[in-house]
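Not measured: the values here are computed from a predicted model. Chain letters run A, B, ... following the sequence lines, proteins first and then strands; every chain starts at 1.
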Amino acid sequence: MRLNQSLMPTAEAVYKLIQELNKLPGIGPKSAQRLAYHLLRTPEEQTKLLADAILLVKQKTKLCSVCFNITDSDPCLICCSDQRDHSKICIVEQPQDIVALEHTKTYNGRYHVLHGAISPTEGVGADDIRIKELMKRLQGGSISEVILATNPNLEGEQTAMYLNKLISPLGIRVTRLARGLPFGTELEYADDVTLTRAIEGRQEF
Amino acid sequence: MSKPRNYQTEAIIIKKIKLGEADRILTLYTPHLGKIQAVAKGVRRPRSKLAGHLELLTHSLVSLARGRNIDTIIGSQTINSFLPLKSDLQLSSYALYATELVNQFTAENIENYPLFELLLETMHRLCQGDDNELVLRYFELHLLDKVGYRPQLQQCVSCRLPLKATTNSFCPSAGGMLCPICSQSQPLTYPLSVNAQKVLQLLQNSDYNTVSRLKINPELSHQLEMVMRNYLRYLLEREIKSTAWLDTLREQTRRAAFSQIALL
């Protein structure tokens, strides 16, 4: 829905703010209005913090030249660290995926962010995501394992299968995150694909 | 009497777009409601009970609740998950190409049962490991038939005379074949060998069982693909996005085969 100022009995500054908030993903005109009036009521120091944070995120962050994660120092902390296993690369679709994986504290290698997944019907091909950069990283011969951690949906699977085709001829071990039943759910609601994979990937207890 | 609040339908999921935090808008192709859009709530969360039943290229029984603007999916049960399609890069790409064509050639809420049947059969055929290119050409020609763009392959569309057994040309803007004389006045035509014409006619007029016995060499197969692609592109007035990906895959397979030969 487009906002029309003539229908809005409010100050122009407020209208402008509503319009900008409305552009954010998941924020409709009503939510935008609610947020705008909330900001109007909060103390100025508080709103200044928000405004500065927004500006800072644009000015201070860049993509790591090695793994393409979002970072404020290049190369990023993970790529620089000596504590990390430099022979493993975990491939993810989005920077947010690294946050989720790091939260588990079980992986100690490095990452590579593709910034997307192959989606033929959306016109996203292999050249539109950072596959070339990945292949360049793998050329040194110091990498022994690549972990494909793309999303377990059709686009992620396609990306993983394509990468496997490219990487396995190089003699590097290619692994895929296990696909099975999520914790805290019930078996009866599981779909065929998940169950099939869960049975295939069962392990010794 | 007003329509019931909830309803149930079979559907093939042909497109999905993200919505908000964890939702998706899905495009479903159904047997009796044609193409519909519906919201699937929470399907991007790992614990979603619906997500696996609403993935692309899945044939499901879907329950929906009517909404003011868009209906909401309240339940879904997989009928066929087409696992062989999803675990093969080439096959899933072919199937996505088929769903893209269905999406592009249809308008919402128009029933087309034969088209639903064709799409479902095509997905089954891709799973069976038949000649995939042939499956797609059969799909394309019969899709055009079912949406009202059946090309004229038996006679010249200009002079209406039956075609002779010689190299005639296919003309996308005329919607069919032109004899050598008529094609001189048309700028954009694609010459087709006698064999290519025969195969196209057979694909258009026979059932799939007859067609599946055909053996086609790669060169002819490529010729048929290009003429169909040009016609489809002309009708849609835009690129078919997934063809670029099909070309990438083919190029990669060719290169891989080449490097294997070099190794030997």
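Ile129(A) has its side chain out of reach of His115(A): every pair of non-hydrogen atoms, C-beta onward, lies at least 4.5 Å apart. At a threshold of 4.5 Å between non-hydrogen side-chain atoms, the residues Ile36(B) and Asp71(B) do not count as touching.
With a threshold of 4.5 angstrom between heavy atoms, Gln252(B) approaches chain A through side-chain atoms but not through N, CA, C or O. Contact annotation for Lys18(B): neither backbone nor side-chain heavy atoms come within less than 4.5 Å of a heavy atom of chain A. When heavy atoms are compared at a cutoff of 4.5 Å, Ala160(A) does not approach chain B at all. Contact of Ile240(B) with chain A is not made at all, since no heavy-atom distance falls under 4.5 Å. Heavy atoms closer than 4.5 Å to chain A are found in the side chain of Glu55(B), but not in its backbone. Of the two parts of Gln104(B), neither the backbone nor the side chain holds a non-hydrogen atom closer than 4.5 Å to a non-hydrogen atom of chain A.
Close approach to chain B, defined as a heavy atom under 4.5 Å from one of its heavy atoms, is seen in no residue of residues 46-66 of chain A. Using a 4.5 Å heavy-atom cut-off against chain A, the contacting residues of residues 78-86 of chain B are Thr78(B), Ser81(B), Leu83(B), Lys86(B).
Taking the six-membered ring where tryptophan is involved, the planes of Tyr29(B) and Phe116(B) are essentially parallel, since the angle between them stays under 30° and well short of 60°.
Taking Leu249(B), Asp88(B), Thr248(B), Thr253(B) one by one and counting their heavy-atom pairs under 4.5 Å with chain A, the maximum is reached by Asp88(B).
The closest side-chain donor-acceptor pair between Glu102(A) and Tyr107(A), if any, does not fall under 3.5 angstrom.
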